[in-house]
Amino acid sequence: MADYLRPCGLSRLPGTKEKHMHPSSSHLTALAADAQNISRPLAVLVPFIILVAIALYVSALISIISSRAGNGMKFAWIIFCFIAPVVGSLLWFLVGRRNVLRSPTTF
């Protein structure tokens, strides 16, 4: 095969056939082992992230309901948390709760 084709990622000219086009079984086994090694940390990490997101969401809803904010403001924050659970919960703890603590109590 011409050496000038290899830097471009071509192993053969388009329209030509090679004798050995199929990857070897050892190559496929190595690829499968690499995929398994990559997926093991993800199998632990993804459920952990989901549990953290659920805990954040539930704690934000409890915090909103028990806050001193008015009913309209509570309703708006709860709707926002239902629409965007992670972003809404984070924004409640970063912005909303702080504003409610500074404002006077409303009923």
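In this chain, residues are counted from 1 in sequence order.
Val86 and Leu51 are assigned to two separate hydrophobic clusters, defined by single-linkage of ILVMFWY side chains at heavy-atom distances under 4.5 Å. Tracing side-chain contacts under 4.5 Å through hydrophobic residues (I, L, V, M, F, W, Y), one reaches Leu56 starting from Ile65; they form part of the same cluster.
Other residues, nucleotides and ligands contribute more than 12 heavy atoms inside 6.0 Å of the CZ atom of Phe93.
Each of Phe75, Phe82, Phe80 was checked for a side chain to side chain contact (heavy atoms under 4.5 Å, CB included) with Ile78, and the lone residue meeting it is Phe82.
Within the model, atoms CD1 of Ile64 and CD1 of Ile79 stand 10.5 Å from one another, a figure rounded to the nearest 0.5 Å. Atoms CG and CZ, on Leu45 and Phe48 in that order, are 8.0 Å from each other to the nearest 0.5 Å. To the nearest 0.5 Å, atoms CH2 (Trp92) and OG (Ser59) are separated by 11.5 Å. Separation of atoms CZ (Arg68) and NZ (Lys74) is listed at 11.0 Å; rounding is to 0.5 Å.
Under the 4.5 Å side-chain criterion, counting only non-hydrogen atoms from C-beta, Trp77 is not in contact with Leu61.
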